[in-house]
Chemist: 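So that we are looking at the same thing, I have put the structure below in structure tokens.
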Amino acid sequence: AQSVSQHNHHVILSEAASLELGCNYSYGGTVNLFWYVQYPGQHLQLLLKYFSGDPLVKGIKGFEAEFIKSKFSFNLRKPSVQWSDTAEYFCAVTPRGNYQLIWGAGTKLIIKP
Amino acid sequence: EAGVAQSPRYKIIEKRQSVAFWCNPISGHATLYWYQQILGQGPKLLIQFQNNGVVDDSQLPKDRFSAERLKGVDSTLKIQPAKLEDSAVYLCASSLAGVGETQYFGPGTRLLVL
């Protein structure tokens, strides 16, 4: 069965530290890839997505993600985090032509001021 | 632009009782999704509608869960009878079309079954 793995359930960083959250998926074909974020008390919202083209995708609030097809990965990065980045981050994948979005379990990110 | 609306925001019921959740998607969005999110897990798709037709309900426990989207706009999700393991957040999302489109989420309904 297709699955999405997010390696870290909890990450704690200090402000200005660099961030990388891992995401790996198990599907051999073409995929669409997403990162969603849920800030405390708010709805899930799209951070960035990759469908095709440049594998380095830039999203909102200074986030970016790199699609590495050979590693089945779509890691999320930010060079310098802020306290306001405290949130839960979800990676999600949909095989091309499939309707269903397959979600990772999420990573809770806490930024210490 | 108004977002996805859901009600109620919180619900506490006893096991074996029934409960219903309501969702109003973003105007013009053809696709509507219901997800179940158990604490510590990612959302799990329960059912997906395209207009008022069901696209995918493979993970909907049909012996107790039902959903409808009459007229292709609002939707209701019902659980009858509820079990303890149904305690979760029920999320509604909508998108313009289906495959690969960005999904916009509502605030969710937090259900506690005692």
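In what follows, chains are A, B, ... by sequence order, proteins preceding strands, each numbered from 1. Please read all numbers here as calculations on a predicted model, not as lab measurements. These values consider heavy atoms only, across backbone and side chains, with no hydrogens, waters or symmetry-generated copies.
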Chemist: A:F34 and ring pair (Phe, Tyr, Trp, His ring centres under 6.0 Å): which single residue from A:Y25, A:F51, A:F74 fits?
Modeler: A:F51
Chemist: Above 12 or not: heavy atoms from other molecules or residues under 6.0 Å from CG of B:L39?
Modeler: no
Chemist: Listing request: all disulfide (SG to SG under 2.5 Å) pairs with a residue in residues 3-40 of chain A, at least two apart in sequence or in separate chains.
Modeler: A:C23-A:C91
Chemist: Can you establish whether the number of heavy atoms outside B:K62 located under 6.0 Å from its atom NZ is more than 12?
Modeler: yes
Chemist: Looking only at heavy atoms and a cut-off of under 4.5 Å, which of B:G42, B:G40, B:P43 has the most pairs with chain A?
Modeler: B:P43
Chemist: Under a plain distance cut-off of 3.5 Å, with no hydrogens placed, do B:W34 and B:S75 share a side-chain donor-acceptor pair?
Modeler: yes
Chemist: Roughly how far, to the nearest 0.5 Å, is CD of A:E64 from CD1 of A:I60?
Modeler: 14.0 Å
Chemist: Among residues 105-114 of chain B, which residues come closer than 4.5 Å to chain A, judged by heavy atom distances?
Modeler: B:F105, B:G106, B:P107
Chemist: Assess whether a salt bridge exists between A:K78 and A:D85, defined as any Lys/Arg side-chain N lying under 4.0 Å from an Asp/Glu carboxylate O.
Modeler: yes
Chemist: Salt bridge or not for B:K15 and B:D86, using N-O below 4.0 Å?
Modeler: no
Chemist: So, do A:F67 and A:Y50 have ring centers that fall under 6.0 Å from each other?
Modeler: yes
Chemist: Can you give me the closest heavy-atom contact between A:A87 and A:P40, atom names plus distance?
Modeler: CA-CD, 4.3 Å
Chemist: Under a 3.5 Å threshold, yes or no: a donor from one side chain and an acceptor from the other, between B:S58 and B:D56?
Modeler: yes
Chemist: Select all residues of residues 12-20 of chain A having any heavy atom within less than 4.5 Å of some heavy atom of chain B, and report them by number, or 'none'.
Modeler: none
Chemist: Is the distance between the ring centroids of B:Y104 and B:Y33 under 6.0 Å?
Modeler: no
Chemist: Enumerate by number any residue of residues 103-113 of chain A whose heavy atoms lie under 4.5 Å from heavy atoms of chain B; in the absence of such residues, state 'none'.
Modeler: A:W103, A:G104, A:A105
Chemist: What part of A:L44 is in contact with chain B, defined as an atom under 4.5 angstrom from a non-hydrogen atom: side chain, backbone, both or neither?
Modeler: both
Chemist: So, for B:P8 and B:A20, which heavy atoms are closest and what is the spacing to 0.1 Å?
Modeler: CD-O, 4.0 Å
Chemist: Within the 3.5 Å criterion, strictly below it, is a donor on B:Q103 or B:S95 matched to an acceptor on the partner's side chain?
Modeler: no
